[in-house]
Amino acid sequence: MTALLERLSGVPGVDRGSVERLLDTAGGDGWDVAIPLHRFAAAAKRPPNELAAELAASLPDTPGVARRFAVGAYVNFEADPAWLAERTLAIVGARGTSYGGGGAAGPEVCVEHTSANPNAPFHIGRVRNALIGDTLARILRAAGQTVTTQYYVDDIGRQSAMVTWIWTQPKEAWPPEILATLEGADEREERPDHYLGRPYPAVSAYVKTHPEAAASLAELCERLERGEAPEAHRRFCEAILGGMLASLARVSVTFDEFVWESSLLHDGSVDRVVARLRGAPHSVTEANGALAIDTTVYGLPKEDARAVFVRGNGTTLYPTRDVAYHLQKFGRFPRVIDVLGQDHLLHAKTLEALLNEIGEARRPEFVLYQYITVPGGGRMSTRKGTVVWLDTLLDEATDRARAEVRARHPELSEGEAETIALAIAAGAVRYHIVRIAADKSVAFQWEEALSFEGRSGPFVQYAYARASSLLRKALDDGVAIPTSPSGADLTTPAERDLVRVLARLPRVVASAARTKHVHTVAGYAHDLAESFNRFYQTTPVLKAEAGRDSRLALVAGVRQALGNTLDLLGLVRLERM
RNA sequence: GGGCGCGUCGCACAGCUUGGACCAGUGCCCCGGAUUCCUAAUCCGGUUGACGUGGGUUCAAAUCCCACCGCGCCCGCCA
């Protein structure tokens with residue numbers, strides 16, 4: 001390949017990068033790499049077919065390349081399968097759990113994701129943020145970067161204030177329509193996010209039509225901002241947040257740090273942002289005393305071209321506080337990534353404008369995702385009864401997985417079966433959401449989300465379990481797993497294909513880390529599992545008449561890669577299922 | 001009205017960043033097969049496509065550009 005590069009480098013208009021990119025072309029019939037020469041031929045003012053034939057004939061032999069030949073305007077290379085198998089398995093064996101990752105460390109990065117208001121349980125729409133963010137963090141870590149994940153807890157805004165507002169009133173004083181939301185609920189049986197979150201939608205609707213309630217809520221908001229929150233407020237926030245985090249823990253999502261919005265008010269950093277925005281180039285004062293930035297020059301799609309950063313009553317807004325939060329992040333991390341829903345796009349643009357206004361040159365990188373909608377279309381709504389709670393989905397998935405595990409493995413203890421069922425349920429849900437590109441909206445469908453077959457998390461987990469069982473059996477039989485196979489044994493179509501997919505993992509991880517497209521890793525996981533299943537189905541290993549050791553080594557390598565891929569996706573490795 | 005995103009078999013997705021073996025790949029569904037043998041949550045075979053529409057650039061377009069159509073979200077002194 002190097003020789004090819006050198007030959008082409010003599011051609012005017014050809015740069016090394018454009019040749020290297022072509023090397024990722026997928027393998028086809030009889031070839032592993034195909035280089036189209038049209039563009040080089042054009043630069044050299046030669047017919048492409050002629051150039052291809054000449055190069056194919058004149059390139060020096062390269063280790064690992066079994067054959068090269070010209071077809072039309074393409075030069076094709078066929079890898080030596082034995083060489084590829086030995087080399088790939090040697091690398092997998094040497095890298096172990098870090099196979100697929102590595103690379104340059106890069107700057108320390110902060111990934112902020114989820115940051116859902118502590119006012120209600122997670123529904124599966126909200127959880128998309130957490131799963132994209134958590135998976136991205138895993139991929140970046142695997143790629144060699146130092147990652148800190150942060151959850152920004154909004155304990156200042158109206159959402160969390162509504163919870164405190166209603167719960168600090170005696171129940172006798174609750175409006176009937178709000179009280180009704182507690183019907184049939186038992187505080188001792190429901191987690192705090194579910195129980196305390198019950199009245200929220202009703203409260204939200206109520207204050208829209210009852211001015212005195214709205215005024216009372218506004219007063220509470222002001223108190224929160226002044227640092228005069230009722231003692232119970234933090235308790236409610238923590239209780240609900242705790243419940244929400246318990247949901248996320250079921251799908252293996254955890255956080256390194258939590259940043260409470262109130263802390264930015266109390267340490268004066270929000271005040272400093274306000275002071276800097278006051279003196280900003282496009283700062284304006286509105287009639288009622290509110291402070292804003294005239295965003296005309298930024299072309300934001302806002303009708304009045306105003307980004308208000310202090311209300312008429314002197315309190316601040318979410319964008320103002322978010323500037324303070326980002327300055328804090330910039331102070332600690334050279335690189336900052338925010339995972340945001342599509343509805344926050346304008347906020348992201350506003351944030352950039354505000355940062356520009358205070359002369360801050362650094363910017364966060366945004367990962368935007370589209371919503372998960374309900375089958376009939378539209379967002380999930382508690383009032384319309386179209387909400388699917390993460391916990392409900394996981395419970396149902398666990399029930400189904402449990403039944404399947406018990407049917408397959410009656411010998412397992414209840415505890416073992418439960419552990420496996422939980423892992424399968426979580427795997428199905430995680431995979432189902434993260435397999436789709438972030439910029440696609442998803443119409444949620446129960447049966448799809450609960451599928452354990454085909455392109456699913458359990459499919460990948462199953463392939464891993466099969467590989468594990470096979471190796472376990474080998475060890476039980478006293479067969480050692482060899483570390484260096486003979487590639488010459490691994491030449492059936494199923495083996496060659498499996499080796500090729502196995503060898504692809506490092507490129508997949510590097511690409512996913514660069515583009516922040518986490519779904520590509522899910523796609524790869526399926527490809528590898530599928531390729532392994534095909535091999536498994538068609539190729540005897542333990543009972544192989546010849547080449548058993550090499551096949552065992554291949555299985556060990558694939559198991560390693562499958563396991564690493566499961567880690568990247570946050571799916572539990574199961575040794576049996 | 002303005003901004004952003006999406007539009008690929010019946011359904012759900014991949015491929016688009018970096019045009020090239022894509023006369024387009026995967027899963028589900030449907031039909032037919034495979035288990036004396038390492039887990040059948042598997043595998044094999046079959047059926048299914050105007051890549052939203054129209055134009056442009058190019059030797060070459062699902063991929064890049066323009067327009068239009070459809071869908072989603074946003075355009076708050078909410079977050």
Side-chain angles (χ1 to χ4, degrees), chain A residues 17-18 21-22 24-26 28-29 31 34-39 41-42 48 71-74 76 115 117 154 156-160 221 286 288-292 299-304 306 308-313 315-319 321-322 341-347 349 368-371 373 377-379 401 404-405 408-409 424 435-437 439-443 445 447-448 451-456 458-459 461-463 465-467 469-474 477 511 514-515 517 519-520 522-523 526-527 529-530 533-534 536-544 551 555 576-577:
Chain A
S18 64
R21 275 198 293 276
L22 292 170
D24 265 340
T25 312
D29 210 15
W31 50 269
I35 311 289
L37 293 176
H38 310 83
R39 74 178 71 170
V71 175
Y74 297 82
N76 296 342
S115 300
N117 291 323
D154 179 6
I156 294 297
R158 273 169 63 91
Q159 263 90 333
S160 67
C221 286
E286 304 290 341
N288 67 349
L291 304 176
L300 300 184
K302 290 168 84 78
E303 278 169 10
D304 59 359
R306 287 284 189 279
V308 175
F309 62 91
V310 175
R311 293 189 186 90
N313 68 7
T315 56
T316 60
L317 289 92
Y318 159 61
R321 292 173 236 132
D322 210 23
Q342 58 170 343
D343 56 334
H344 279 60
L345 178 67
L346 178 57
H347 169 68
K349 299 280 183 206
L368 292 164
Y369 64 92
Q370 305 288 313
Y371 273 110
T373 59
R379 292 168 70 170
E404 192 70 31
V405 173
R408 287 161 183 264
H409 302 287
I424 291 170
R435 72 187 177 130
I436 294 167
D439 53 16
K440 290 260 214 188
S441 58
V442 183
Q445 293 178 77
E447 288 309 314
E448 289 284 318
S451 172
F452 299 157
E453 298 172 1
R455 224 176 50 181
S456 71
F459 180 92
Q461 291 172 307
Y462 182 60
R466 278 179 137 183
S469 294
L470 198 159
L471 294 172
R472 193 170 52 237
K473 190 149 179 90
D477 295 348
S511 164
R514 183 172 51 82
T515 61
H517 289 169
H519 71 282
T520 56
H526 176 262
D527 288 349
E530 184 181 49
N533 279 331
R534 203 179 345 259
Y536 184 93
Q537 198 84 20
T538 57
T539 318
V541 177
L542 295 177
K543 296 186 170 62
R551 285 178 180 166
V555 172
R576 57 167 61 83
M577 66 181 270

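Note that the coordinates shown come from a computational prediction; the quantities given were computed from them, not determined experimentally. Just so you know, these numbers use all the heavy atoms, side chains as well, and skip hydrogens, waters and symmetry mates. Below, read A as the first sequence line, B as the second, and so on, with proteins coming before strands; counting in each chain starts at 1.
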- request: Indicate whether A:H38 forms a stack on B:G20; treat it as stacked only if centroid distance is below 5.5 angstrom and interplanar angle below 30 degrees.
  value: yes
Phosphate OP1/OP2 of B:U39 contacted by A:Y536 side-chain N/O (<4.0 Å): yes
task: Going 5' to 3' through nucleotides 27-34 of chain B, assign each nucleotide B (protein heavy atom under 4.0 Å from a base atom), S (under 4.0 Å only from sugar-phosphate atoms) or - (no protein heavy atom that close).
output: SS-----B
- prompt: Between B:C38, B:C77, B:C13, which nucleotide has the shortest distance from any of its atoms to the side chain of A:K543?
  reply: B:C38
- prompt: Which one, B:G15, B:U8, B:U42, comes nearest to the side chain of A:T520?
  reply: B:G15
message: Whole angstroms only, please: what is the CG-C1' distance between A:D527 and B:C13?
response: 13 Å
- request: Respond yes when some side-chain nitrogen or oxygen of A:R534 is under 4.0 Å from OP1 or OP2 of B:C44, and no when none is.
  value: yes
message: Output one letter per nucleotide in nucleotides 66-76 of chain B: B when a protein non-hydrogen atom lies under 4.0 Å from the base, S when only the sugar-phosphate is that close, - when neither is.
response: ------BSSSS
- request: For the residue pair A:S469 and A:R472, confirm or rule out a side-chain donor-acceptor distance under 3.5 Å.
  value: yes
query: Given atom CZ of A:F459 and atom C1' of B:U39, what is their separation to the nearest angstrom?
result: 14 Å
task: For A:I424, answer base if it contacts any base atom (sugar-phosphate contacts may also be present), sugar-phosphate if it contacts only those atoms, and nothing otherwise; contact means non-hydrogen atoms under 4.0 Å.
output: base
- request: Could you walk me through whether A:Y462 and A:N533 pass the side chain to side chain donor-acceptor pair (under 3.5 Å) test, one step at a time?
  value: CA-CA 9 Å; A:Y462 182 60; A:N533 279 331; over 6 Å; no
- request: Would you indicate what A:T539 reaches in the nucleic acid, counting non-hydrogen atoms under 4.0 angstrom: base, sugar-phosphate, or nothing?
  value: base
- prompt: Of all the nucleotides listed (B:G5, B:C43, B:C38), which has the minimum atom distance to the side chain of A:D439?
  reply: B:G5
Protein-nucleotide distance (A:R466, atom CZ; B:U39, atom C1'), rounded to Å: 6 Å
